[in-house]
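Worksheet: the structure to be examined is printed underneath.
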Amino acid sequence: MDIETVPTFELGDILATRCGNTLTGKFLTNSKIALIAYTHKNTNAFANCEQPSKDGVEDPVLIYIAQETTIYEEPLLRSLLSEANTTFNTLRKLGKNASKTEYINVSQAYRSIVRSCLEKLEQMKTTPKLQVDEAELRCSSEAITTFYAVECLWHLFEILYVQEQHNQMILAQLLKWTRFHFPQTEAHATDLLLMAEDASDRDDYWEILKTLIMLGEVSVTAAILTQNRKAGRDEFQEAISILKAMPVFEDGYALQKFRSQWEYWHVNGEHKLDANAFAAEPELELLMQLVVGKNEQWDEALCKSKEWYEYLPGYLLYTNPTCKPFDLRIAATAWLNRWSRLRPEWQMKTMSRMIKHLMAHDIKLFLFEMQQLNESNWFATHLIDLIYQSGQLNSYCEQRKIDLKSLRNSTVYNFGSFLMTSHKLWQLGIDYLDCCGEEGIAAINILLPRIPFKTERLALKLIAMARQRNLFEVEPEICKVLFKRSYDEERHGSALEWVIRSKDATVVTAMADFILKNYSKTGIFVCPDVITNIGARMFIAPRLVFLCKYFEFNELYRKRDFSSATKLLVNLLDSKITPSYFWPTLFIESIPLLESKEPMLTSKETVTILHHLETNLLPLIEQNMLETAIFPNLSSTVELKDYRIENVDEMVSVLRYACARNYSRTILKENTA
Amino acid sequence: MFDVEPILADHKDVIHDVVFDYYGRRMATCSSDQTVKIWDEDEHGKWKVASSWKAHSGSIWRVSWAHPEFGQVVATCSFDRTATVWEEVIGDKVNTTTTTVPPTRRWVRRATLVDSRTSVTDVEFAPKYLGLLLATASADGIIRIYEAPDIMNLSQWPVQHEIANKFPLSCLSWNTSTYMVSQLLAAGSDETATPTGKVFLFGYSENARKCVKMETINDITDPVTDVAFAPNAGRTFHMLAVASKDLYIVNIRGFTDSSGNSKLDLQTVKFSDHNCPVWRVCWNMLATMLISTGDDGCVRIWCINYSRQWKCAAVLKAEGGGPTYEPTLPTPSLANTASATAKFYKKGTIGNQVPWH
């Protein structure tokens with residue numbers, strides 16, 4: 001296979017050209033590339049010297065965002081993508097064991113999607129908006145060109161490789177195909193029929209008839225001829241009868257019988273010509289010479305045709321009507337040689353070449369060229385997938401050492417990731433990646449959390465999609481991003497909700513710390529509603545448990561349910577989950593309970609309070625003092641603050657006093673009872 | 001074919017690094033003019049400067065974005081021997097009568113990491129599974145790994161690990177995948193005098209309880225200017241791109257030896273297409289494409305084909321006659337239809353297709 005030269009693009013950046021001609025590039029998350037001028041600086045070179053560049057540069061510094069040209073900006077083509085996606089999923093469900101008819105249906109479904117899209121594009125081209133918007137007009141024209149080609153090639157592929165023809169008779173289909181793709185002549189024929197007798201006067205009358213014959217439109221030609229002014233003459237009658245007598249192969253015919261009938265008809269035609277039956281009407285004679293396949297006349301007519309394959313099926317109709325795919329291979333090559341000989345100046349274009357590959361059964365080259373088209377591999381992906389699923393070309397691929405499975409996976413994977421990284425198209429992409437095995441799922445795992453989401457609704461959708469695929473890392477990640485966003489925007493309730501949903505203990509602890517510290521400073525809980533409803537989810541992190549329990553204590557206290565509040569407070573003191581910065585607040589809460597008229601705390605509980613004061617808070621205070629003495633500016637010490645006190649030491653003495661008082665009165669009471 | 005949109009960067013000197021955030025909607029640039037700029041992409045795909053500030057008192061070599069779950073955080077490193085962590089904060093809310101005005105955002109310095117005594121050549125945030133960590137490489141050959149213990153307060157960045165090397169370091173890269181090996185970090189040196197391996201791989205050793213050098217890639221003895229681990233979409237091995245005298249892709253397999261230590265198995269592949277030193281490398285999101293920057297003035301775009309071979313798919317050149325982005329290929333014309341003003345482009349081969357050989 002010929003090695004293709006690597007395409008080269010020139011940017012023409014002045015700065016880059018001036019500074020050593022160097023350019024560097026970075027990928028964005030999608031297939032875009034950012035390009036900048038680059039100067040290399042060696043680590044050693046700048047280790048000792050002063051600033052590497054002093055005054056800056058004179059040339060403008062530019063960043064280029066380069067993007068591979070895509071035609072899917074157009075909304076109509078987006079609908080093509082989404083419809084194709086549906087068909088792709090249908091085929092995926094069919095799998096590899098469906099019947100031939102089902103594969104043909106799929107193939108036709110793809111083609112009809114393209115057809116209807118082309119129609120819509122054509123319509124759009126005539127709208128006033130596009131008449132003024134040149135860029136968009138160019139864009140849609142380009143899309144039409146591309147997808148027209150796609151449809152044409154797909155159609156031919158379908159005839160030759162998807163459908164199973166009865167007796168492998170493909171000619172009728174091929175004729176349909178050419179008529180379909182060279183539709184002007186048919187339009188002209190309609191005109192002629194409508195004009196009836198007057199048509200005979202038209203200058204292009206015979207030209208049109210010639211083209212009709214070369215496209216194999218035998219009966220239409222006959223119909224037009226019957227309307228001719230001179231239709232009554234013998235020459236015309238003879239010609240019409242020959243055309244009408246032409247045997248047409250139909251299902252159920254015995255091939256041998258058809259052949260001999262056709263041979264008879266053919267020889268009869270030649271005889272008539274040899275007998276100069278049409279000599280009086282040279283134009284009619286030429287027509288009949290084409291019908292019997294006279295090479296001289298065909299060569300002459302060929303010089304005026306537009307594409308090499310345009311009249312090939314027509315020619316086959318008059319020379320080899322039982323042509324099979326295998327014959328077509330030889331016929332196509334011979335025909336192409338003939339055409340090239342007749343038109344030495346002619347250059348083979350991509351599409352003509354691809355048609356040749358198809359007819360010559362050169363699928364490998366066809367597949368290769370297909371991947372070079374500028375429609376981001378829509379065609380290649382869907383057709384290769386169809387080939388793979390239907391298994392039609394398995395033996396060919398084996399023979400030519402094409403690893404069809406990896407080829408199919410790689411095109412589907414690339415197409416899926418292209419869609420998934422494209423703005424607005426990502427939802428379509430995910431279906432393609434879904435059927436690329438583990439690699440596809442891994443790709444979704446990387447790409448899904450990177451879909452930029454502005455709304456929580458979209459975030460929830462992403463989470464749901466990740467869950468469907470058992471991608472468990474995506475949900476916590478998205479939740480934490482939402483947490484951080486809400487937190488930065490001071491929407492604390494939402495922040496707390498998301499962080500709990502993330503189930504990440506570290507971040508949950510950080511958020512609980514924030515709420516508790518904020519409470520110590522201000523006496524206000526930032527989001528009481530959310531805290532109330534945490535429930536069993538609090539067990540994600542001990543700090544969250546502490547927050548919930550402390551909040552509960554607060555609620556009980558507010559509702560003046562002092563006995564329950566007291567129990568909870570003692571539990572909290574004893575719980576070993578109290579964050580050190582929160583000790584002062586917790587002790588302050590106990591002071592009014594110790595000082596209340598009716599004793600709330602038992603002597604034992606009072607001892608517990610004292611115990612925690614001595615073993616937990618006091619060492620902290622001491623340590624803080626020590627550290628401040630050594631490093632006066634160090635801020636790593638635990639802040640022991642509460643909005644109700646100015647200084648911790650003062651609180652400690654008040655608390656000790658309160659404990660002593662409560663202990664004395666309760667121990668008396670308890671022991672006398 | 002490419003659509004190219006030039007943006008006037010308004011940097012007063014060459015840009016050393018362009019880095020995109022996690023979603024690809026924000027861009028950070030840093031330059032020798034000692035400034036950092038943050039750009040936002042609007043709905044129409046236009047890039048606008050959101051913030052620009054003087055960040056260092058020397059050339060800024062590299063910039064790195066933290067994962068968005070830590071907020072909007074970037075780190076920069078500079079010739080001025082420091083690395084700095086910046087965070088975007090929402091300014092004071094505008095009064096409620098004008099609620100339509102979005103709150104202003106600005107970038108504040110959260111921490112300056114001053115441990116290096118030489119130019120800090122590279123900085124990169126660690127993959128998020130490790131927490132909020134960042135690594136710096138410097139010309140004195142030391143890799144420092146810093147950690148922010150409190151993600152709600154980014155002013156504290158104690159050094160967690162310090163790994164000294166014999167050679168000045170020019171670049172580093174974290175491996176984001178944890179398959180068979182965790183906390184893998186690669187660093188390269190552009191030292192020219194010694195003909196020994198220039199790429200080093202570090203990992204966390206359970207036994208030593210610290211980051212240690214696991215391997216030196218001895219196949220690459222020329223100065224190394226950039227290293228980049230590929231994102232891992234389901235591969236069982238890791239890929240490291242190395243910019244040196246040539247472009248290298250090192251395939252790294254993690255395994256555990258009989259005594260339970262994790263080891264690395266290395267396989268180096270060399271690509272000599274540039275035929276001159278390669279300065280920078282960059283992977284795309286799924287590691288199906290690779291960009292290499294060469295001293296030949298070319299940016300090469302490499303694609304992996306369906307049989308897993310790397311092929312150069314396109315070349316972008318600095319020089320040229322200005323913004324004529326049409327390829328020089330003939331644009332073949334298509335069969336005419338009733339409607340078509342038929343042109344059928346053979347596109348310049350870049351993008352989602354796999355070159356077919």
Side-chain angles (χ1 to χ4, degrees), chain A residues 6-10 12-13 16-17 21 23-29 34 36 39-40 42-43 47 52-53 56-57 61-69 122 145 148-149 183-184 307 349-351 368 371-372 374 376-377 406-407 410 414 417-418 438-439 442-443 446 450 452 480-481 484 510, chain B residues 1-7 9 11-15 18 20 23-25 32-33 68-69 71 121 139 152 168 170 190 233-234 279-280 282 284-286 291 293 297 299 306 312 314-320 322 332 334-335 338 340 342-354 356:
Chain A
V6 178
T8 305
F9 304 90
E10 296 183 340
D13 181 63
T17 317
N21 221 358
L23 195 69
T24 192
K26 276 275 175 98
F27 277 110
L28 269 79
T29 45
I36 50 166
T39 358
H40 180 68
N42 186 279
T43 308
S53 97
V57 288
V61 181
L62 290 161
I63 304 167
Y64 300 88
I65 307 287
Q67 183 183 19
E68 199 192 346
T69 312
E122 290 282 2
T145 315
Y148 166 74
Q184 306 100 311
E307 266 299 342
K349 306 291 181 336
T350 308
M351 182 165 158
F368 173 67
Q371 292 174 71
Q372 317 293 313
N374 65 336
S376 308
N377 272 346
S406 359
L407 178 64
S410 126
N414 284 324
S417 52
F418 157 72
E438 271 177 43
E439 285 196 339
I446 289 178
R450 287 176 189 265
K480 279 189 273 180
V481 171
K484 187 64 186 166
Chain B
M1 220 183 313
F2 285 103
D3 295 328
V4 179
E5 192 204 345
I7 307 164
H11 273 295
K12 301 286 179 289
D13 207 332
V14 282
I15 296 172
V18 177
F20 293 90
Y23 303 108
R25 303 296 301 273
S32 263
D33 70 1
E69 71 181 48
T121 50
M152 309 289 258
S170 57
D190 61 357
W279 301 130
R280 290 282 181 100
C282 175
N284 76 342
M285 201 51 60
L286 295 175
I291 288 180
T293 293
V299 166
Y306 81 106
C312 185
V315 175
L316 296 155
K317 280 192 170 162
E319 65 211 4
L334 181 76
K343 267 210 252 156
F344 191 47
Y345 288 108
K346 181 175 191 317
K347 93 183 149 173
T349 327
I350 149 99
N352 298 60
Q353 92 257 27
V354 181
W356 222 82

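Taking all atoms of both residues into account, the shortest heavy-atom contact from L23(A) to L316(B) is CD2-O, 4.3 Å. The two atoms that bring F20(B) and F27(A) nearest to each other are CD1-O, 3.9 Å, heavy atoms only. The two residues A442(A) and A233(B) make their nearest non-hydrogen contact at CB-C, 3.4 Å. The minimum heavy-atom distance linking G25(A) with C282(B) is given by the pair O-CB, 3.9 Å.
In this structure, the portion of I36(A) lying under 4.5 Å from any heavy atom of chain B is its side chain and not its backbone. Of the two parts of N284(B), the backbone and the side chain both hold a non-hydrogen atom closer than 4.5 Å to a non-hydrogen atom of chain A.
Counting only heavy atoms from C-beta outward, the side chains of Y23(B) and V481(A) approach each other to under 4.5 Å.
Note: I446(A) CD1 to L286(B) CG = 5.5 Å, rounded to the nearest 0.5 Å. Distance check: I63(A) CD1 to I15(B) CD1 gives 4.0 Å after rounding to the nearest 0.5 Å. One finds the CD atom of Q67(A) at 9.5 Å from the CD atom of E5(B) (value rounded to the nearest 0.5 Å). To the nearest 0.5 Å, atom CG of residue N414(A) and atom OH of residue Y306(B) are 13.5 Å apart. Note that the NZ atom of K484(A) and the CE atom of M152(B) stand 6.5 Å from one another [nearest 0.5 Å]. With values rounded to the nearest 0.5 angstrom, L28(A) atom CG is found 10.5 Å from R25(B) atom CZ.
Not counting sequence neighbours, K317(B) has no partner by the side chain to side chain donor-acceptor pair (under 3.5 Å) test.
Interface remark: of the candidates P452(A), A443(A), A34(A), P452(A) forms the most heavy-atom pairs closer than 4.5 Å to chain B.
A donor-acceptor contact shorter than 3.5 Å is absent between the side chain of K480(A) and the backbone of E69(B).
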